[in-house]
Amino acid sequence: MAMTTSSKRGLGWIEWLRGWMYVVHEMLFQRIMASHLQNPLPLPPVNGLTCIVTGSTSGIGTEIARQLAEAGAHVIMAVRNTKGAHELIRKWQNEWSGLGLPLNIEVMELDLLSLESVVKFAEAWNARSGPLHVLINNAGIFSIGEPQKFSKDGYEQHMQVNHLAPALLSILLLPSLVKGSPSRIVNVNSVMHYVGFVDTEDMNVITGKRKYTSLVGYASSKLAQVMFSSVLHRRLPAEAGISVVCVSPGVVQTNVARDLPKIVQAAYHLIPYFIFSPQEGSRSALFSATDPQVPEYCELLKADDWPVCAFISQDCRPTNPSEEAHNIETSHKLWEKTLEMIGLSSDAVQRLIEGEEITCRYSNQQE
């Protein structure tokens with residue numbers, strides 16, 4: 001038997017080295033591995049699909065929102081910067097020369113640094129009583145080189161934005177996803193989860209057991225997302241018709257690069273060949289959101305003894321998440337800890353699927 005997680009203080013050096021080799025391999029060879037893909041990725045008909053895309057005012061999210069709308073989907077841009085989103089929509093409408101109909105896009109405010117904002121968004125959406133076919137949790141942060149910061153909810157910012165808030169949003173939107181069945185939750189993850197390690201007793205990385213760096217915060221949050229997605233995938237009954245997928249967009253030139261140290265920015269400019277544009281980086285998420293075979297693959301994984309959720313790589317092919325992502329004990333501990341942190345009861349998913357109402361600790365805090 002593998003050693004229990006209670007005695008495990010971090011990644012073993014072999015796991016850590018293997019993880020970094022995977023990251024470097026992805027960066028150097030992602031363009032070759034994805035050379036069979038068209039850019040932009042041709043999408044199947046998505047007329048009639050309703051899709052929520054978080055963080056869609058920049059980078060990959062902008063491409064995802066625009067391409068889904070141009071393919072005929074009803075797209076909701078769930079963003080902090082609503083003014084910027086409206087400006088983007090005006091620009092897209094002016095450039096759109098499609099079927100004579102305007103793009104079907106709208107904007108709703110969502111701030112992932114506030115769990116109360118997540119609850120308000122979900123309540124507003126569910127109140128419409130309409131179906132949701134695709135939730136794309138794209139928004140994320142990587143505050144490279146910055147000191148540790150916490151949200152107003154008291155959580156380390158990477159953990160909140162990249163894992164806790166999307167987890168809360170996914171669960172609270174389950175009633176709408178059931179109505180939209182067959183539906184999908186697509187989590188834009190990262191190859192960096194391969195060097196992540198989750199300590200469920202130290203989610204904020206404040207005990208001193210591990211030295212905090214922005215890389216530790218980011219990689220841990222991305223691994224936490226894969227682990228949580230795997231348990232959610234397992235707990236959703238087949239009749240709910242909801243697929244859960246994590247995707248790697250590859251190494252992409254996005255706004256994150258603005259925060260990089262000057263020397264790393266210089267490297268970015270020296271090796272543009274290796275780094276994807278946001279349009280190229282959007283392909284794995286778009287594929288996971290629209291390809292008809294994805295639900296079949298998710299169901300196939302459920303038949304395994306311990307199925308991690310579907311993980312689609314930057315070349316739109318199924319791949320295996322990290323060895324640590326397969327850690328059953330930590331995954332279940334993380335599930336319980338996450339529900340506790342986001343203010344939900346341990347039976348919240350089951351109750352929502354069965355059509356019951358639930359309460360969240362972060363609902364109507366100000367009232």
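The model shown is predicted, which means the values in this text are computed figures rather than measured ones.
For Glu109 (side chain) and Thr82 (main-chain N/O), no donor-acceptor pair under 3.5 Å exists by modelled atom type.
Classification of Lys91 and Glu87 as a salt-bridged pair fails, no side-chain N sitting under 4.0 Å from a carboxylate O.
Inspection of the His158 and Ser220 side chains reveals no N or O donor paired with an N or O acceptor under 3.5 Å. For Glu156 and Asn204, the side-chain atoms include no donor-acceptor pair closer than 3.5 Å.
Among residues two or more places apart in sequence or in another chain, the side chain to side chain donor-acceptor pair (under 3.5 Å) test is passed with Gln160 by Ser151, Asp153.
Applying the 6.0 Å contact sphere to CZ of Arg210 captures more than 12 heavy atoms from other residues, nucleotides or ligands.
Judged by the 6.0 Å and 45° rule, Arg283 forms a cation-pi pair with Phe276.
Expressed to the nearest 0.5 Å, how far CD1 of Ile141 lies from CD of Gln157 amounts to 5.0 Å. With rounding to the nearest 0.5 angstrom, the CZ atom of Arg66 is 9.0 Å from the CD atom of Gln279. From Asn81, atom CG reaches atom OG1 of Thr57 across 5.5 Å, with rounding to the nearest 0.5 Å.
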Practice task
Would you sort out whether Ser277 and Glu280 count as a side chain to side chain contact (heavy atoms under 4.5 Å, CB included), showing the intermediate values?
Solution key: CA-CA 5 Å; Ser277 67; Glu280 291 168 319; 3.4 Å; yes
Practice task
Carefully, step by step, assess Ser117 and Asp111 under the rule side-chain hydrogen bond (donor to acceptor under 3.5 Å, both in side chains).
Solution key: CA-CA 6 Å; Ser117 172; Asp111 180 4; 5.6 Å; no
Practice task
Quick one: do Glu201 and Lys209 satisfy salt bridge (Lys or Arg N to Asp or Glu O under 4.0 Å)? Show the steps, please.
Solution key: CA-CA 10 Å; Glu201 302 304 314; Lys209 283 196 283 182; over 6 Å; no
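Residue pairs that meet the side-chain hydrogen bond (donor to acceptor under 3.5 Å, both in side chains) test with at least one member in residues 124-141, sequence neighbours left out, are Glu106-Arg128, Trp125-Ser176, Asn126-Ser176, Asn137-Ser170, Asn137-Asn187.
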Would you be so kind as to tabulate the donor-acceptor pairs closer than 3.5 Å made by side chains of residues 236-251, with sequence neighbours excluded?
{"residue": "Ser248", "atom": "OG", "partner": "Glu26", "partner atom": "OE2", "Å": "3.1"}
{"residue": "Ser248", "atom": "OG", "partner": "Gly250", "partner atom": "N", "Å": "3.3"}

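Using bins of under 30°, 30° to 60° and over 60° for the plane-to-plane angle, the ring pair Trp16/Trp20 lands in the perpendicular bin.
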